[in-house]
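For the single chain, residues carry numbers from 1 onward in sequence order.
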Amino acid sequence: MSAREPTDGGSLRERKRAAAKARVAEVAIELFAAHGYAAVSVAEICAAAEVAPRSFYRYFPAKEDVLLEPVREMADRAEAALAAAPAQLSDADALAFALRRLAEHMVDHWTRLTAYFDVIRETTAVRASPLVQLADRERSLADQLLARRRATPPPDWQTRLLVARSVAAFRVWLDEVRGGEVADPLAHFDRILAAR
């Protein structure tokens with residue numbers, strides 16, 4: 001959950017804003033992991049991240065919104081990876097490509113993600129599981145698949161079902177890896193996704 005590389009090719013100002021927002025979220029989650037969500041104030045987050053409260057509230061409407069930032073980042077990464085998938089791949093293979101890139105990123109940043117998931121598990125501030133919110137981006141992924149093959153929206157049920165199954169497979173993988181009993185997370189990901 002470090003400041004992510006810009007994937008949208010936006011302006012320098014947009015990229016700086018995204019990096020600053022990611023940095024604030026990273027610092028906040030580190031504080032939540034060390035002291036507990038309820039014990040950390042917005043003022044403490046701002047002091048640790050070296051930002052003004054005004055800037056914090058430009059990035060996040062409320063403290064609990066910080067907890068949704070890593071999920072938004074995961075969804076953005078999946079969408080960027082799908083956009084980068086080779087054009088000749090089928091819809092299923094393009095989705096597998098994108099979700100595999102996301103899984104690789106998560107494995108590479110597992111220590112930080114573990115702290116995040118620990119905070120989520122112990123926090124009542126998040127009303128819905130972050131993984132459920134990741135599933136909320138399924139429609140965007142289905143729309144991207146349509147755009148890849150130059151089809152007319154809305155996505156048909158087969159495309160939506162393909163995306164839903166793939167995202168569900170990703171969520172099952174993540175639950176299993178979080179359980180700590182998976183020796184090779186990426187090989188396990190490949191097995192689960194192949195079974196979708």
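- Ring geometry for Phe170 versus Phe189: interplanar angle over 60°, hence perpendicular rather than tilted (30 to 60°).
- For the 3.5 Å distance criterion, the side chains of Arg137 and Ser140 fail to qualify, holding no donor opposite an acceptor.
- From Arg165, atom CZ reaches atom CG of Leu95 across 12.5 Å, with rounding to the nearest 0.5 Å.
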Residue pair Val66, Phe32: steps toward the side chain to side chain contact (heavy atoms under 4.5 Å, CB included) verdict: CA-CA 10 Å; Val66 173; Phe32 298 156; 4.2 Å; yes
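- Note: Ile192 CD1 to Leu174 CG = 10.0 Å, rounded to the nearest 0.5 Å.
- Distance check, rounded to the nearest 0.5 Å: CD of Glu64 to CG of Leu67 gives 8.0 Å.
- Using a 4.5 Å cut-off on side-chain heavy atoms (C-beta onward), Lys21 and Lys16 make no contact.
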Could you go through residues 44-54 and list every donor-acceptor pair under 3.5 Å that involves a side-chain atom there, pairing it with any protein atom two or more places apart or in another chain?
{"residue": "Glu44", "atom": "OE1", "partner": "Ser41", "partner atom": "N", "Å": "2.7"}
{"residue": "Glu44", "atom": "OE1", "partner": "Ser41", "partner atom": "OG", "Å": "3.3"}

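- Put simply, CH2 on Trp110 and OH on Tyr116 are 12.0 Å apart, with the number rounded to the nearest 0.5 Å.
- A cation-pi arrangement is absent between Arg58 and Phe56 under the rule of less than 6.0 angstrom and at most 45 degrees off the ring axis.
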Chi angles and distances behind the side chain to side chain contact (heavy atoms under 4.5 Å, CB included) call for Leu82, Leu141: CA-CA 8 Å; Leu82 183 55; Leu141 291 170; 3.8 Å; yes
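- Between the side chain of Trp173 and the backbone N or O of Pro185 there is at least one donor-acceptor pair closer than 3.5 Å.
- Placement of Val163 and Leu161 in two distinct hydrophobic clusters is found when ILVMFWY residues are connected by side-chain heavy-atom separations under 4.5 Å, directly or transitively.
- Glu176 contributes no side-chain N or O that, together with a main-chain N or O of Val182, makes up a donor-acceptor pair within less than 3.5 Å.
- Looking at Ser166 and Leu99, their side chains come closer than 4.5 Å, going by heavy atoms from C-beta outward.
- The minimum heavy-atom distance linking Ile29 with Val119 is given by the pair O-CG2, 4.1 Å.
- Considering every non-hydrogen atom in both Ala78 and Ala98, the closest pair reads O-CB, 3.6 Å.
- Checked for salt-bridge contact, Glu69 and Arg72 meet the test: a charged N lies under 4.0 Å from a carboxylate O.
- For Gln158, the CD atom counts as densely surrounded, since its 6.0 Å shell holds more than 12 non-hydrogen atoms of other residues, nucleotides or ligands.
- In this structure Tyr59 satisfies the ring pair (Phe, Tyr, Trp, His ring centres under 6.0 Å) test with no other residue, sequence neighbours excluded.
- Between Asp143 and Arg139 there is a salt bridge, since a side-chain N of the basic residue sits under 4.0 Å from a carboxylate O of the acidic one.
- Residues His109 and Arg112 bring no donor and acceptor atom of their side chains to less than 3.5 Å of each other.
- For Arg148 (side chain) and Gln144 (main-chain N/O), no donor-acceptor pair under 3.5 Å exists by modelled atom type.
- Between Leu162 and Ala92 the shortest heavy-atom distance is CD2-N, 3.7 Å.
- Taking both residues in full, the closest heavy atoms of Ala169 and Leu193 are given as CB-CD1, 3.8 Å, listed atom of the first, atom of the second, then distance.
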Criterion side chain to side chain contact (heavy atoms under 4.5 Å, CB included) on Arg77 and Arg101, from CA distance to verdict: CA-CA 8 Å; Arg77 281 187 177 279; Arg101 301 290 93 62; over 6 Å; no
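- A pairwise comparison of heavy atoms in Leu146 and Thr152 identifies CD1-O, 3.9 Å as the closest pair.
- Within the 4.5 Å cutoff, the side chain of Phe60 has no heavy atoms near those of the Val42 side chain.
- Checking side-chain atoms of Asp175 against main-chain N and O of Val172 turns up no donor-acceptor pair under 3.5 Å.
- From Met106, atom CE reaches atom CE of Met74 across 4.5 Å, with rounding to the nearest 0.5 Å.
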Side chain to side chain contact (heavy atoms under 4.5 Å, CB included) assessment of Leu186 paired with Asp184: CA-CA 6 Å; Leu186 293 175; Asp184 185 342; 4.2 Å; yes
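- Of the possible polar contacts, one joining the Glu14 side chain to the Ser11 backbone as a donor-acceptor pair under 3.5 Å is found.
- Of the N and O atoms on the side chains of Arg149 and Thr159, at least one donor lies less than 3.5 Å from an acceptor on the other residue.
- Residues Glu26 and Glu30 are in side-chain contact: their nearest non-hydrogen atoms beyond the backbone lie under 4.5 Å apart.
- With Lys63 contributing its side chain and Tyr37 its backbone, the two residues share a donor-acceptor pair below 3.5 Å.
- To the nearest 0.5 Å, the span separating CG on Leu12 from CZ on Arg17 amounts to 14.0 Å.
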